[in-house]
Amino acid sequence: SRRVSRVEEAQSFSQKRCLTWFREYTTPDDPDTLGPEGMEKFCEDIGVEPENVVMLVLAYKMQARQMGFFTKEEWLKGLGEMQCDSIQKLQYRLDYLRCLLNDQNAFKAIYRYAYDFARLLLGKHWPLYSQFSQFLDQSKYKVINKDQWCNILEFSRTIYNDLSNYDVDGAWPVMLDEFVEWLKAARAKSDIS
């Protein structure tokens with residue numbers, strides 16, 4: 001008879017053990033989603049601050065669609081690929097996750113994931129996002145700096161969708177002045193046709 005030793009069992013990945021671990025962070029009313037409270041406990045258990053960049057890398061590995069949340073599928077896929085079904089196994093892999101930031105290709109993919117996440121956040125909350133995205137595609141702006149990025153958020157929160165409260169003499173970056181001109185021209189063109 002073939003017996004598996006405890007050591008081999010501890011080293012091999014178990015989807016069942018991984019799912020049981022996941023359930024430690026979910027609530028009975030939503031057992032398939034690990035939310036912010038569960039995330040806090042999860043971070044505490046693995047010994048990582050929630051804002052630590054390694055959490056972004058982990059979210060990338062799980063291909064999480066929402067920051068601060070892991071679905072059961074994302075958890076099983078991401079941790080399954082890394083063969084982690086316990087706190088100890090994931091803690092052992094944290095250095096590997098950090099090292100991904102030093103790998104050019106992995107860093108590029110993680111960076112793009114973080115950017116797509118940020119765009120997704122903005123797109124969900126700003127009705128003019130698709131027009132702004134079109135404007136950027138047609139503009140000379142190939143890179144947006146941090147100051148512009150923060151101003152875009154402020155613009156999205158304060159300026160009405162009809163642009164009626166936009167002050168041309170306001171302290172907005174030139175890029176946003178150009179976006180307003182572009183959008184007004186596009187709207188005028190569509191009113192004519």
Side-chain angles (χ1 to χ4, degrees), residues 4-27 30-126 129 133 136 141-154 156-157:
V4 179
S5 73
R6 284 203 174 281
V7 174
E8 283 177 343
E9 193 177 292
Q11 288 174 341
S12 67
F13 176 78
S14 157
Q15 184 140 349
K16 186 179 175 193
R17 203 166 37 230
C18 192
L19 185 58
T20 302
W21 182 31
F22 176 76
R23 296 273 190 251
E24 290 178 26
Y25 306 110
T26 61
T27 57
D30 194 0
D32 292 342
T33 306
L34 188 161
E37 292 84 31
M39 192 65 74
E40 210 172 294
K41 184 181 182 320
F42 170 65
C43 288
E44 202 176 292
D45 286 353
I46 63 170
V48 173
E49 293 291 320
E51 62 278 359
N52 189 309
V53 71
V54 81
M55 290 306 294
L56 176 66
V57 180
L58 184 60
Y60 160 75
K61 287 299 275 182
M62 293 190 188
Q63 287 301 296
R65 291 180 301 276
Q66 197 177 353
M67 194 55 81
F69 293 83
F70 293 139
T71 64
K72 180 177 81 176
E73 290 75 24
E74 292 164 351
W75 177 276
L76 291 173
K77 181 188 178 295
L79 292 177
E81 281 176 15
M82 293 190 298
Q83 297 291 290
C84 294
D85 55 15
S86 68
I87 292 167
Q88 293 75 18
K89 286 182 185 177
L90 183 55
Q91 285 174 325
Y92 183 74
R93 303 286 280 162
L94 290 176
D95 283 340
Y96 155 74
L97 291 173
R98 287 186 189 98
C99 284
L100 288 176
L101 295 169
N102 299 326
D103 175 284
Q104 265 190 319
N105 293 331
F107 180 84
K108 188 176 179 180
I110 294 163
Y111 186 86
R112 170 157 230 117
Y113 170 77
Y115 175 74
D116 288 342
F117 230 97
R119 282 193 13 227
L120 187 75
L121 279 175
L122 194 58
K124 269 186 175 175
H125 299 282
W126 187 29
Y129 179 76
S133 186
L136 286 179
Y141 298 100
K142 298 299 169 227
V143 175
I144 295 176
N145 65 37
K146 186 179 178 180
D147 186 49
Q148 290 168 323
W149 184 247
C150 292
N151 273 288
I152 291 165
L153 176 63
E154 194 54 34
S156 74
R157 289 179 165 174

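These numbers come from the heavy atoms of this one structure, side chains and all, not from hydrogens, waters or symmetry mates.
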Flag, side chain of S133 to backbone of Y129, donor-acceptor distance under 3.5 Å:
no
Do the side chains of L136 and I144 get nearer than 4.5 Å, heavy atoms only?
yes
Do the side chain of E40 and the main chain of E37 share a donor and acceptor less than 3.5 angstrom apart?
no
Rounded distance (nearest 0.5 Å) linking atom CZ of F107 with atom SG of C99
14.0 Å
Those residues that, when tested against R23, pass salt bridge (charged side-chain N to carboxylate O under 4.0 Å, His left out) (two or more places apart)
D32
Just verifying a value: how many Å separate L34 CG and W21 CH2, rounded to the nearest 0.5 Å?
10.0 Å
At their closest point, which heavy atom of A109 faces which heavy atom of Y60, and how far apart are they?
CB-OH, 3.3 Å
Heavy atoms, side chains only, cut-off 4.5 Å: are K72 and T26 in contact?
no
If I take atom CG from residue L153 and atom CD from residue Q148, how far apart are they, to the nearest 0.5 angstrom?
14.0 Å
Validation row: W126, R157 side chains within 4.5 angstrom (heavy atoms)
no
Under the side-chain contact (heavy atoms from CB on, under 4.5 Å) criterion, do K89 and Q83 qualify, and how do the steps go?
CA-CA 8 Å; K89 286 182 185 177; Q83 297 291 290; over 6 Å; no
Side-chain donor/acceptor of N52 to backbone N/O of V48, under 3.5 Å
no
What distance do C43 atom SG and M55 atom CE have between them, rounded to the nearest 0.5 Å?
3.5 Å
Has E51 got more than 12 heavy atoms of other residues, nucleotides or ligands less than 6.0 Å from its CD?
yes
Separation of I110 CD1 from L58 CG (nearest 0.5 Å)
10.5 Å
Provide the full list of salt bridge (Lys or Arg N to Asp or Glu O under 4.0 Å) pairs with a residue in residues 93-109, sequence neighbours left out, each pair given once.
D95-R98
Does the side chain of L79 come within less than 4.5 Å of M62's, by heavy atoms?
yes
Checking the side chain of E74 only, and the main-chain atoms of R65 only, is there a donor and an acceptor separated by less than 3.5 Å?
yes
Polar side-chain atom of Y92 near backbone of I87 as donor-acceptor pair, under 3.5 Å:
no
Residues T27, D30; criterion side chain to side chain donor-acceptor pair (under 3.5 Å); working and verdict
CA-CA 5 Å; T27 57; D30 194 0; 5.9 Å; no
Less than 4.0 angstrom from a charged side-chain N to a carboxylate O is my criterion; do K77 and E81 meet it?
yes
Would you say Y25's side chain and P36's backbone share a donor-acceptor pair under 3.5 angstrom?
no
Yes or no on side-chain contact (heavy atoms from CB on, under 4.5 Å) for T71 and Q66, after CA distance, side-chain angles and deciding distance?
CA-CA 9 Å; T71 64; Q66 197 177 353; over 6 Å; no
For a ring-ring contact (aromatic ring centres under 6.0 Å, His included) check, start with the C-alpha distance between F42 and W75, then their side-chain angles and the critical distance, and finish with the verdict.
CA-CA 12 Å; F42 170 65; W75 177 276; 5.2 Å; yes
At their closest point, which heavy atom of C18 faces which heavy atom of C84, and how far apart are they?
SG-O, 3.6 Å
Taking the side chain as every heavy atom from C-beta outward, state whether Y96 and M82 have any pair of such atoms under 4.5 Å apart.
yes
What is the distance from atom CG of D85 to atom CG of L19, rounded to the nearest 0.5 Å?
11.5 Å
